[in-house]
Asks: 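Mind looking over this structure? Questions follow.
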Protein chains: 2
Amino acid sequence: MPDLKVEQPKSLVAIVEERLRDAIVDAEMRLGETLSEEALSEALGVSRTPVREALARLQLQGLVTIVPKKGTFVFAPTEEDVSELCVFRYMLETQALRECMSKAREAALAAMKGALLAMETAQANGSRRDYARADTVFHEVFFQHCGNRYLGNAYRGVSGRVAALRTHLSVPLEGEQERSMAEHHQMVEAFAAGRLADLDSILHRHIMRAWHAYADVLRTGAVRG
Amino acid sequence: MPDLKVEQPKSLVAIVEERLRDAIVDAEMRLGETLSEEALSEALGVSRTPVREALARLQLQGLVTIVPKKGTFVFAPTEEDVSELCVFRYMLETQALRECMSKAREAALAAMKGALLAMETAQANGSRRDYARADTVFHEVFFQHCGNRYLGNAYRGVSGRVAALRTHLSVPLEGEQERSMAEHHQMVEAFAAGRLADLDSILHRHIMRAWHAYADVLRTGAVRG
DNA sequence: GTTCTCCAGTCCGTATGCAAGATACAGGAA
DNA sequence: TTCCTGTATCTTGCATACGGACTGGAGAAC
């Protein structure tokens, strides 16, 4: 028998979850904004049940906060949150890279280069959203090739917040995107050469710089966007 | 005003989730067993809605597997699963211990000693279930004091599986519990003395030994418990 | 005896209805 | 004016109803 596999149609819950996730990550909604199950179900053209279930899942990803009998809100990170998230993220990524390098070096390298290309294209087109998306893909590569599903799951659990912070709190600082691109290039080079220590330090610098930028934006209160 | 706070009654979802989690972790159900939303809702005396939501949460913790239109099943780990889980777990715990030691050494130490005491009590009483629970508490201490909520969340995401494996796959090997107790004692000592490298190696040995034991049980197929 | 087909039973996915808690605001008392 | 209080209206929590999809077995055709 040839391998005939049909993909199951997505459930409404999955569709709603994805749509809401994109809306939050792509900054179509403001941080802290109130969401009503009923209003969402109406806007999306489905009943409250799948909306409710999708919101519950998003809560577990930290993208929304559900307060019993009060309402559901887009997450609103504190400075401390962001700090802890960055530390955690560095920890996961450095571990994943380690595994990648020993287990699937070539495949990972190819995928990283692909994502890098997408970033360059987005930069050339001047699309900040596409750049942010490609950036997200770049970091996801580590987990797709690390060979440990638990590591990937853990990352998926925070990747939404990471991606949302990227779009909500990144300010177009002078030369920022260039610095970011340069660091990604350095990471690929270090990875290709197997220089794990260098890779670690670049990644550390990369994430910590992002953290400082986010923290600044949070402090100055320029958080709506 | 005196600080009068009433504790909110837990939602049905939370109650059901906890109950089912306990049932799985404490081996009241067999691995791979079929669960029907309707049967569960009847057995628990609630409607399908909260049961369904609780099952969705348990799926994200890896304790059940939901197959669309077919049914829900208690998770059934493969040997590979267990291996990856152990690697991941070691990674999380070693990181958490590192943070504990630098941030909340005294508090963590006290809590570890408390859990150790509970383990000794359980061992004296010959209660394997209580011992397993105290063991679980011991390892949770690392995350309660590490000061990073994301690290704790990630652990909570797998702690159910870890605990379930402990009860389902642990066989009462000759002298096993003694070895386990000894290793926990060593961990506390190394932690108290601030010997991080030793701590790491003990933890590594501890987790990997558990892994071998689980893998053996899985291979021999003596998995129903 | 083997294989195909049909059907009944069971499961989940979704929609909807009702109850209870939270909030905001208007209106009355001091 | 200020403060309290009752109520209208919002929210979510949970129960229930219905329909589609899947599964397993009985019976017919070969």
Side-chain angles (χ1 to χ4, degrees), chain A residues 1 4-21 23-24 29-76, chain B residues 1-21 23-24 29-76:
Chain A
M1 267 301 249
L4 301 173
K5 250 185 206 154
V6 296
E7 52 186 308
Q8 296 280 12
K10 282 186 193 169
S11 74
L12 276 186
V13 177
I15 296 173
V16 170
E17 179 186 356
E18 193 174 333
R19 181 73 194 85
L20 290 180
R21 190 185 148 102
I24 295 173
M29 293 163 170
R30 292 201 303 271
L31 298 182
E33 184 171 340
T34 300
L35 302 175
S36 148
E37 290 178 4
E38 177 134 16
L40 286 177
S41 69
E42 197 166 334
L44 293 162
V46 299
S47 84
R48 268 183 56 215
T49 308
V51 172
R52 185 175 170 71
E53 208 160 313
L55 286 176
R57 293 195 199 176
L58 290 173
Q59 181 180 35
L60 293 178
Q61 295 173 35
L63 286 178
V64 306
T65 307
I66 300 177
V67 183
K69 315 274 182 167
K70 267 194 65 178
T72 304
F73 309 88
V74 178
F75 82 110
Chain B
M1 266 299 252
D3 185 11
L4 300 172
K5 251 186 205 154
V6 296
E7 52 185 310
Q8 296 281 13
K10 281 187 196 169
S11 74
L12 278 186
V13 177
I15 297 172
V16 170
E17 179 186 357
E18 193 174 333
R19 182 72 194 85
L20 290 181
R21 189 186 150 103
I24 295 173
M29 293 164 169
R30 292 201 305 270
L31 298 182
E33 184 171 339
T34 299
L35 302 174
S36 149
E37 289 179 5
E38 179 139 15
L40 285 176
S41 69
E42 199 166 333
L44 292 163
V46 299
S47 83
R48 268 183 55 215
T49 308
V51 171
R52 185 175 169 71
E53 209 161 313
L55 286 176
R57 291 196 199 177
L58 290 173
Q59 181 181 35
L60 290 181
Q61 295 173 34
L63 286 178
V64 305
T65 306
I66 299 177
V67 183
K69 316 273 182 152
K70 268 193 67 178
T72 303
F73 309 88
V74 178
F75 82 110

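Letters A, B, ... mirror the listed sequences (proteins, then strands); counts begin at 1.
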Asks: Taking CD from B:Glu42 and C1' from D:dT16, how many angstroms apart are they, rounded to a whole number?
Replies: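 Atom CD in B:Glu42 sits about 14 Å away from atom C1' in D:dT16.
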
Asks: Provide, to the nearest angstrom, the distance between the CD1 atom belonging to A:Ile15 and the C1' atom belonging to C:dT14.
Replies: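 Taking CD1 of A:Ile15 and C1' of C:dT14, I get 13 Å after rounding.
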
Asks: Is there side-chain contact between B:Arg30 and B:Val74, with heavy atoms separated by less than 4.5 Å?
Replies: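 In short, these two side chains do not touch, never coming nearer than 4.5 Å.
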
Asks: Are side-chain heavy atoms of B:Arg57 and B:Arg21 found at a separation under 4.5 Å?
Replies: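 Of all side-chain heavy-atom pairs linking B:Arg21 with B:Arg57, none is under 4.5 Å.
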
Asks: Which pairs, protein N/O on one side and nucleotides 9-15 of chain D N/O on the other, fall under 3.5 Å?
Replies:
from	atom 1	to	atom 2	distance (Å)
D:dT11	OP1	A:Ser36	OG	3.3
D:dT12	OP1	A:Leu35	O	3.4
D:dT12	OP1	A:Glu37	N	3.3
D:dT12	OP1	A:Thr72	OG1	3.4
D:dT12	OP2	A:Glu37	N	3.3
D:dG13	OP2	A:Arg52	NH1	2.4
D:dG13	OP2	A:Arg52	NH2	2.4
D:dG13	N7	A:Arg48	NH2	3.4
D:dG13	O6	A:Arg48	NH1	3.3
D:dC14	OP1	B:Leu12	N	2.6
D:dA15	OP2	B:Ser47	N	2.9
D:dA15	OP2	B:Ser47	OG	2.5
D:dA15	O5'	B:Ser47	OG	3.3
D:dA15	N7	B:Thr49	OG1	2.9

Asks: Less than 4.5 Å apart, any side-chain heavy atom of B:Val46 and any of B:Ile15?
Replies: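 Sidechains of B:Ile15 and B:Val46: no contact.
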
Asks: For a 4.5 angstrom cut-off between non-hydrogen side-chain atoms, does B:Gln61 reach B:Leu58?
Replies: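 B:Gln61 reaches B:Leu58 side chain to side chain.
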
Asks: Heavy atoms, side chains only, cut-off 4.5 Å: are A:Val64 and A:Phe73 in contact?
Replies: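 Side-chain contact under 4.5 Å: no.
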
